[in-house]
> 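Next up is a structure, given as structure tokens.
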Amino acid sequence: MTTEASHASPLAPEWLALPEDLNALQSPMWAAGVEKNDAGVLTIDGIAVSELKEQFGTPLFVMSESDFRSRARDFKDSFDAAFADICGGVDVYYAGKSFLCTAVASWVAEEGLRLDTCSGGELAVAARAGIAGPNLGLHGNNKSDAEINRALDMQVGRIVVDSLDELERVAKIASGRSEIAKVMLRLTPGVHAHTHEFIATAHEDQKFGLSMAEDSTEEAGLSAAEEAVAAATSYASIELLGLHCHIGSQIFEPDGFAVAGEKLLRFLAAMQSKYSIVLPELDLGGGYGIAYTPVDTPRPPAEVAQAMAAVVRSTCDELGITAPRISIEPGRAIVGSTTFTLYEVGTLKTVRVDAPGEEAGQENVTYPRRYVSVDGGMSDNARPVLYDADYSAILASRASDAAPQLSRVVGKHCESGDIVVRDVYLPADVAAGDLLAVPGTGAYCWALSSNYNYLARPGVVAVRDGAARLIVRGETEEDLLNRDMGVANV
Ligand SMILES: *Cc1c(COP(=O)(O)O)cnc(C)c1O
């Protein structure tokens, strides 16, 4: 038996390989500038995580500003290059819902990207950051009148309308203001993509978007999407810019984008000719995948851009139409890998779990699984609970020669599902007071954070040129109590 086999746990999922070196960082999961120093301490731009803990405490989101900027630029440059001779480049809207604060909004603008929002609150952040209205998009399946008015006040560049109801509402509000609202229609092309696969269905059974299925309205033969195009062209207070779709998230293969893009282009061409209109824009959404664990294999933006450009080019050629201006909306793929969460280890325990024996014909045997509790959990990373998402972790405060032990990193909440990393090999000598770092937590972690169990939400530190600064401070106990109206008011 090799040493490797003697350490690999039968309780580990099939995809989880025993790492060759528990102290080594497995890149694509980590931001550029994250390294281990000679003492085995994790550093970012040369700053040791032990210093960050000293200064800012744990749990803490640690983001590389330079990595964020370079990923943002990479999307913009790669898509601009691939689409240059098709539609003169691409407008890249950073999906603010993945992670948004004023500092990040300003980086987005400085790198030449635009910003997607989906609530009045996100519009408020954009306004505070000084983002010009025309560089903003507003999404959402249930925008309030106040949000629509706010978008018009700010001269938002596009309101992405989600339903016939909403189209009528936007038209009415804009007309009442004697203004013209710039609108895109969000369609559901019946393409759903996740990771390596996509599925195509005729009918849509979800809350977002206008169905393209021909029998999706009671009026025979007319899809909800077409009904919306027809209605939009009839309102004097609506300028219909074009069409939009968003087919899923954490997608690695470009085929799903290609199928959806082709379907929308065919529909766009049909609408242009039937209603004698020009729809100058087409948004193909976000959803580009990142590495959360060593087995995830994201593609570089340039590769995805070229695959999508080839389909747009050939479809427009075949249809004989001028290609619309393309836009995309990456969130996770820009911010996700820029950030790791730093936790301190508290209690540990080991349980024994039944599994089939490793030798042929052996009865069930029990194997150890170690639970490593950290000082945060589902309140700073809800994705494992919400989506069964997998993450990885590394011992960040020192090197260790100890043998690998299959571990489960859990939080401190009153919920047995409060798991941060379901399965990871960590050194067997991990102990209370050690620091753990979990990579890939830039997107949909801080954004989805809560105060469950009255935990204070962690701060976010941005590191650039060897200096760390808070871009969002962590909550204090006072923050936790300051909306409580007090006993006297009961
Ligand atoms: C969530 C969302 C995005 C961003 O998705 P990512 O997976 O973070 O790239 C883009 N567009 C729309 C409409 C979305 O809802």
Side-chain angles (χ1 to χ4, degrees), residues 93 95 97 116 118 137-144 147-148 158-172 181-194 197-235 238-249 251 255-287 308 311-312 315 319 321 324 326-329:
Y93 287 77
K97 73 172 197 258
D116 252 344
C118 53
L138 178 66
H139 276 282
N141 66 300
N142 187 22
K143 304 171 191 74
S144 66
E147 286 169 327
I148 294 166
R158 47 165 70 167
I159 297 175
V160 184
V161 163
D162 208 271
S163 61
L164 282 157
D165 257 10
E166 191 177 70
L167 182 66
E168 195 183 321
R169 230 159 137 184
V170 173
K172 218 159 152 184
K182 293 179 189 299
V183 158
M184 296 190 71
L185 297 174
R186 175 165 178 172
L187 310 188
T188 47
V191 177
H192 300 256
H194 182 70
E197 311 214 335
F198 74 88
I199 52 164
T201 56
H203 286 273
E204 289 288 351
D205 188 8
Q206 60 152 314
K207 73 168 186 169
F208 291 115
L210 292 148
S211 175
M212 295 175 76
E214 300 212 323
D215 53 354
S216 57
T217 59
E218 282 167 40
E219 211 168 318
L222 213 57
S223 67
E226 176 167 353
E227 205 172 296
V229 171
T233 55
S234 74
Y235 291 118
I238 296 280
E239 178 186 348
L240 184 58
L241 295 177
L243 309 174
H244 171 283
C245 71
H246 172 70
I247 59 168
S249 215
I251 302 165
D255 351 357
F257 297 117
V259 170
E262 183 181 336
K263 193 158 174 191
L264 259 71
L265 281 168
R266 290 188 188 284
F267 180 77
L268 182 140
M271 293 302 102
Q272 292 193 151
S273 101
K274 185 161 171 187
Y275 295 93
S276 305
I277 48 169
V278 175
L279 298 173
E281 299 200 38
L282 178 65
D283 192 309
L284 297 175
M308 287 166 69
V311 170
V312 169
T315 309
L319 294 167
I321 58 168
I326 300 292
S327 49
I328 57 166
E329 305 171 328

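Both backbone and side-chain heavy atoms feed into the values below; hydrogens, waters and symmetry mates do not.
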> What's the spacing between Lys207 NZ and Ser163 OG if we round to 0.5 Å?
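With rounding to 0.5 Å, NZ (Lys207) is 11.5 Å from OG (Ser163).
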> Hey, could you give me the CG/CE distance between Leu282 and Met184, rounded to the nearest 0.5 Å?
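Taking CG in Leu282 and CE in Met184, the distance rounds to 6.5 Å.
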> For His139 and Glu329, test the side chains for any donor-to-acceptor distance below 3.5 angstrom and give the result as yes or no.
yes
> Check Ala181 against Val170 and note the closest heavy-atom contact, atom names and distance.
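Minimum heavy-atom separation between Ala181 and Val170: CB-CG1, 3.7 Å.
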> Check whether any side-chain heavy atom of Ile326 sits under 4.5 Å from a side-chain heavy atom of Met308, and report yes or no.
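Side chain of Ile326 against side chain of Met308, heavy atoms only: no contact under 4.5 Å found.
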> Quick one: closest heavy-atom pair of Asp283 and Ser327, and the distance?
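Shortest heavy-atom separation between Asp283 and Ser327 comes out as OD2-OG, 2.9 Å.
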> Quick one: closest heavy-atom pair of Asp162 and Gly209, and the distance?
OD1-N, 2.7 Å
> Is the shortest side-chain heavy-atom distance between Leu241 and Glu239 below 4.5 Å?
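In short, these two side chains touch, coming nearer than 4.5 Å.
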> So Leu284 and Cys245, do their side chains get closer than 4.5 Å, heavy atoms only?
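The answer is yes, as the side chains (C-beta and beyond) meet within the 4.5 Å cut-off.
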> Under 3.5 Å, which donor-acceptor pairs link side chains of residues 269-278 to any protein atom two or more places apart or in another chain?
residue	atom	partner	partner atom	Å
Gln272	OE1	Leu279	N	2.7
Lys274	NZ	Glu226	OE2	2.6
Tyr275	OH	Glu226	OE2	2.7

> Working to the nearest 0.5 angstrom, can you tell me the gap between Ile321 CD1 and Arg266 CZ?
9.5 Å
> Got Leu167 and Leu185 here, is their nearest side-chain heavy-atom distance under 4.5 Å?
yes
> Kindly write out the residues that satisfy side chain to side chain donor-acceptor pair (under 3.5 Å) with His246, not counting sequence neighbours, or none if the list is empty.
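Here no residue qualifies.
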> Please check if the side chain of Thr188 supplies one atom and the backbone of Leu210 the other of a donor-acceptor pair under 3.5 Å.
yes
> To the nearest 0.5 Å, what is the distance between CG on Leu187 and CG on Leu268?
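Leu187 CG to Leu268 CG: 9.5 Å, rounded to 0.5 Å.
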> Got Pro189 and Phe267 here, is their nearest side-chain heavy-atom distance under 4.5 Å?
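No, side chains not in contact.
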> Do Tyr235 and Glu168 come close enough that some side-chain heavy atom pair is under 4.5 Å?
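Yes; the side chains approach each other to less than 4.5 Å.
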> Are the side chain of Thr315 and the backbone N or O of Val312 linked by a donor-acceptor pair below 3.5 Å?
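No; zero donor-acceptor contacts below 3.5 Å.
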> Is any side-chain heavy atom of Val191 closer than 4.5 Å to a side-chain heavy atom of Phe198?
yes
> Going from CD1 on Ile159 to CZ on Arg186, what distance comes out if it is rounded to the nearest 0.5 angstrom?
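Rounded to the nearest 0.5 Å, the CD1-CZ separation comes out at 15.5 Å.
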> Give me the atom names and distance for the closest heavy-atom approach of Ala231 to Ser234.
O-OG, 2.6 Å
> Compare every heavy atom of Arg169 with every heavy atom of Ser144, then report the nearest pair and how far apart it is.
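Reported closest heavy-atom pair: CA-NH2, 4.0 Å.
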> Does Lys143 use its side chain to pair, donor to acceptor, with the backbone of Val160 at less than 3.5 Å?
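At least one qualifying donor-acceptor pair exists.
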> How many angstroms lie between CD1 in Ile328 and CZ in Phe257, if you round to the nearest 0.5 Å?
8.5 Å
> Give me the atom names and distance for the closest heavy-atom approach of Leu240 to Ala232.
CD2-CB, 4.0 Å
